[in-house]
Amino acid sequence: LLNQAYLRWKQASVIEATIGRQAVNLDNQRWVGSVGWRQNDQTLDAAHLSLKPTKGLTADYLYAWRVNRVFGPDSPQGIWRDNDIHGLRIGYDIANIGTLSAYGYWLDIPAAPASSSQTYGVRLVGNQALGDSKLVYTVEYARQSDQANNPRDFALDYVLVEPGFSYRGASIKLGYERLEGDGAAALQTPLATLHAFNGWADKFLATPPNGLRDLYADLSYRFGDGPFKGLLLRGMWHDFESTAGSVDYGSEWDALASYPLDKRLTLMAKFAHYDADGFATDTTKAWFSLVA
């Protein structure tokens, strides 16, 4: 199994061009990500151009023809071949506000026609210092419609609002994420690091046809000194509903503990419990891992 093999050319910090099998992570990986926590990352056979023409301005262009998925090459779902995938992202740092980015993703995936789509969006991420604490915020909006041989005809919205607050090693975030569905089709993010969103039990790797509304709270604390220096404790709660049809899908509790043994090795324990109501079944998962 060849996970990555590529050629890269870099001119100072202004231009970077990569061609070959590579991990690609854009923004928070909601649209394009490498699912890096899995044993087999998701990689793209692609050409990727990154530009930083001036301070605070970045641009990325991506063309991918093959998706090497986390299931591995022996799985019938493991590889998407002969794709025509394009991505364009432009970001700009606005003083005292944050990073504003605009993006477009055009996906033609013959092996998964229901995942073929075109998406246009904008995203703002920033923070404001409040003495020893910090106010953090993320807002994002996107519009997705069908493309290529997708059998559905749709135009659907994506919305994310995530305010938060941090103080020393502690942080709390409250989130509202909406992936719209119309009962027949729903907004999809097939190239994302899906495990990072909508609960670690992985019940919503594909958005249900009635859509998904995820209302969540995310609390974490990292020890800065003492015998537990570096220990990260994190807990999340999700409430899931549809965006069409008023279906109460269920709720989920997630927990994580991560501790660096040294500069190279981290011990991690992770837990997820999904309590089903109107979607899927009750699910409990646990992971114990040593990460290098």
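Given the structure is predicted, the values throughout are model-derived calculations rather than measurements.
For the pair Arg66 and Asn68, the minimum side-chain heavy-atom distance is below 4.5 Å. The side-chain heavy atoms of Val67 and Ile85, taken from C-beta on, include a pair separated by under 4.5 Å. At least one side-chain heavy atom of Val125 sits less than 4.5 Å from a side-chain heavy atom of Arg123. Side-chain atoms of Leu44 and Leu62, non-hydrogen and from C-beta on, do get closer than 4.5 Å to each other.
Interatomic distance, Thr243 OG1 to Glu180 CD, rounded to the nearest 0.5 Å: 5.5 Å. With values rounded to the nearest 0.5 angstrom, Thr99 atom OG1 is found 11.0 Å from Leu57 atom CG. Rounded to the nearest 0.5 Å, atoms NE2 (His238) and CG (Asp218) are 7.5 Å apart. Rounded to the nearest 0.5 Å, atoms CZ (Phe154) and OG (Ser145) are 6.5 Å apart. Ile15 CD1 to Lys52 NZ: the interatomic distance, rounded to the nearest 0.5 Å, is 12.5 Å.
Within the hydrophobic cluster formed by Ile, Leu, Val, Met, Phe, Trp and Tyr side chains joined at under 4.5 Å, directly or through other members, Tyr6 stands alone, with no partner residue.
Ring centroid separation for the pair Tyr103 and Tyr105 comes in under the 6.0 Å cut-off. A distance of 6.0 Å or more separates the ring centres of Trp287 and Trp200. Taking the six-membered ring for Trp, Tyr120 and Trp106 have ring centres closer than 6.0 Å.
Contact between Ser34 and Thr193 at its shortest, heavy atoms only, is N-OG1, 3.3 Å. Shortest non-hydrogen contact noted between Asn150 and Ser115 is ND2-N, 4.3 Å. Smallest separation of non-hydrogen atoms from Gly181 and Ala244: O-CB, 3.6 Å. Nearest heavy-atom pair across Gln144 and Thr119 is NE2-OG1, 3.0 Å. Of all heavy-atom pairs between Asn198 and Glu252, the closest is O-OE1, 4.4 Å. Contact detail for Gln118 and Asp146: the closest heavy-atom pair is NE2-O, 3.5 Å.
In this model, a donor atom of one side chain and an acceptor atom of the other lie less than 3.5 Å apart for Thr284 and His273. A donor-acceptor contact closer than 3.5 angstrom links the side chains of Arg8 and Thr18. Between the side chains of His48 and Tyr63, not a single donor N or O lies within less than 3.5 Å of an accepting N or O.
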Could you walk me through whether Tyr141 and Asp157 pass the side chain to side chain contact (heavy atoms under 4.5 Å, CB included) test, one step at a time?
-> CA-CA 7 Å; Tyr141 171 79; Asp157 292 334; 2.8 Å; yes
Just do the side chain to side chain contact (heavy atoms under 4.5 Å, CB included) check on Asp41 and Val35 with the steps written out, would you?
-> CA-CA 6 Å; Asp41 296 359; Val35 202; 6.0 Å; no
Could you walk me through whether Phe204 and Tyr249 pass ring pair (Phe, Tyr, Trp, His ring centres under 6.0 Å), step by step?
-> CA-CA 10 Å; Phe204 298 98; Tyr249 288 152; 5.7 Å; yes
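Using cut-offs of 30° and 60° on the angle between ring planes, the pair Phe240 and Tyr274 is tilted. Using cut-offs of 30° and 60° on the angle between ring planes, the pair Tyr158 and Trp31 is perpendicular.
Among the candidates Glu162, Glu140, Glu177, the single residue satisfying the salt bridge (Lys or Arg N to Asp or Glu O under 4.0 Å) test with Arg30 is Glu177.
One hydrophobic cluster holds both Val70 and Trp37 under the rule that ILVMFWY side chains link at heavy-atom gaps under 4.5 Å.
Surrounding CG of Leu2 are more than 12 heavy atoms belonging to other residues, nucleotides or ligands, all under 6.0 Å away. Other residues, nucleotides and ligands place more than 12 heavy atoms under 6.0 Å from the CZ atom of Phe223. Enclosure of atom NZ in Lys285 by more than 12 non-hydrogen atoms of other residues, nucleotides or ligands within 6.0 angstrom is indicated.
For the pair Arg213 (side chain) and Asp239 (backbone), a donor-acceptor distance under 3.5 Å is present.
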Quick one: side chains of residues 256-272, donor-acceptor pairs under 3.5 Å with protein atoms, not counting sequence neighbours, listed by atom name and distance.
residue, atom, partner, partner atom, Å
Asp262, OD1, Arg264, N, 2.8
Asp262, OD1, Leu265, N, 2.7
Lys270, NZ, His195, NE2, 2.9

